[in-house]
Amino acid sequence: MPQLSRRAFAGSLSLGLLGAGLAPRLATAQSPASPATPAPGAATAAGIARVTPLAQIRIGRFTVTALTDGYADMPYTFFPGRSAGQVEQAAQTQYTARPSGVRFVFNQYLVEDGTRKILLDTGAAGSIGQTGALPRALDAIGINRDAIDAVIVTHMHQDHMGGLILGGRNNYPNAELYIDRRDVKHWTDPAKRNAAPDYLQTSFRMAEEVVRLYPKLQAIDGERQIAPGITLVDLTGHTPGHIGVRIEDGGQSLIMVSDMLFPVVHPGATDVFFLFEQDRAAAQAMRDRFFPLAASEGALIASTHMPFPGLGRIVADRGQRRWQVADWALQD
Ligand SMILES: [Zn+2]
């Protein structure tokens with residue numbers, strides 16, 4: 001049963017209508033700017049060559065920085081519910097068709113409140129496509145992985161937890177780790193693993209390693225505030241314990257929804273899936289609830305696989321739902 005209550009969303013998402021302060025930042029790779037200060041003169045022609053552009057938004061006292069671990073092209077056959085030809089046609093219509101499929105990026109988000117640093121997901125870490133860039137992205141903003149206070153993994157697919165265990169190590173040794181209990185149970189169950197197709201075996205193997213290397217793992221149940229203004233939200237469907245993260249302060253809010261949305265096929269339809277979704281009825285049920293609610297509330301959304309920085313809204317446009325990129329731009 002989806003646990004996403006109308007009350008829980010109505011309270012938070014309506015705040016999203018006020019909009020977030022969009023404040024992108026340019027930070028030089030050589031001398032990272034302080035999180036609150038845009039690099040001076042960063043937009044000069046000479047400066048552009050040296051800077052690492054980052055999308056950064058403010059939600060009240062929080063600074064949220066979009067990072068990316070890289071990308072992979074997903075074959076057009078990976079979207080059950082539509083034929084490969086239909087998916088390719090849709091991608092062409094959106095000018096996003098690639099010879100080898102739909103380009104997925106892997107976005108992660110760093111949330112800072114002035115004291116704590118909380119990372120949402122850790123990327124595929126080289127286990128798929130052109131990935132493994134997250135450590136460099138953190139370096140570029142001057143953040144050592146030892147300084148991460150908490151990691152929230154939205155679900156135990158390889159592209160969300162891979163960075164936890166890159167190189168067979170605990171890469172965030174000082175972090176509390178939060179994962180929904182249903183996913184921990186599912187992905188460490190030998191019977192489920194034995195029954196699963198080959199393309200899910202990497203996730204099962206990684207899940208075992210995560211549990212072994214992270215004694216600070218907290219398996220969480222249902223909606224839970226893990227710090228003031230940061231709440232885990234139940235978005236079961238894509239996996240049994242798929243969760244989102246709601247960030248709210250000062251009348252502003254953002255919800256990171258992880259794999260609720262995939263590019264090209266969502267949010268225009270809910271009866272099209274990604275291959276890795278084992279329970280399609282559950283995935284569709286959650287999208288059927290979430291898409292119209294998010295559209296009616298005008299919720300500001302962060303999404304793992306939508307084009308970088310994955311920030312936008314679901315809007316209803318003449319009877320069709322579509323993704324509206326959030327208004328952010330590089331500024332002095
Ligand atoms: Zn994913």
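Counting convention: from 1, in listed order, for ligands and their atoms alike. We're numbering straight along the sequence, starting at 1.
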inquiry  = So does Leu232 get a backbone contact from the side chain of Arg224, meaning a donor-acceptor N/O pair under 3.5 Å?
reply    = no
task = Using atom types as modelled and distance alone, determine if a side-chain donor or acceptor of Arg287 lies under 3.5 Å from a backbone N or O of Met260.
result = yes
query = Would you call Asp221 and Arg182 a salt bridge, using N to O less than 4.0 angstrom?
reply = no
Can you tell me the N, O or S atom of [X] that's nearest the Zn ion (ligand 1)?
X: Asp259; value: OD2
X: His305; value: NE2
X: Asp159; value: OD2

query = Does His238 bring an N, O or S atom to within less than 2.8 Å of the Zn ion (ligand 1)?
reply = no
task = Could you tell me whether the side chain of Val264 reaches within less than 4.5 Å of the side chain of Phe79, counting heavy atoms only?
result = no
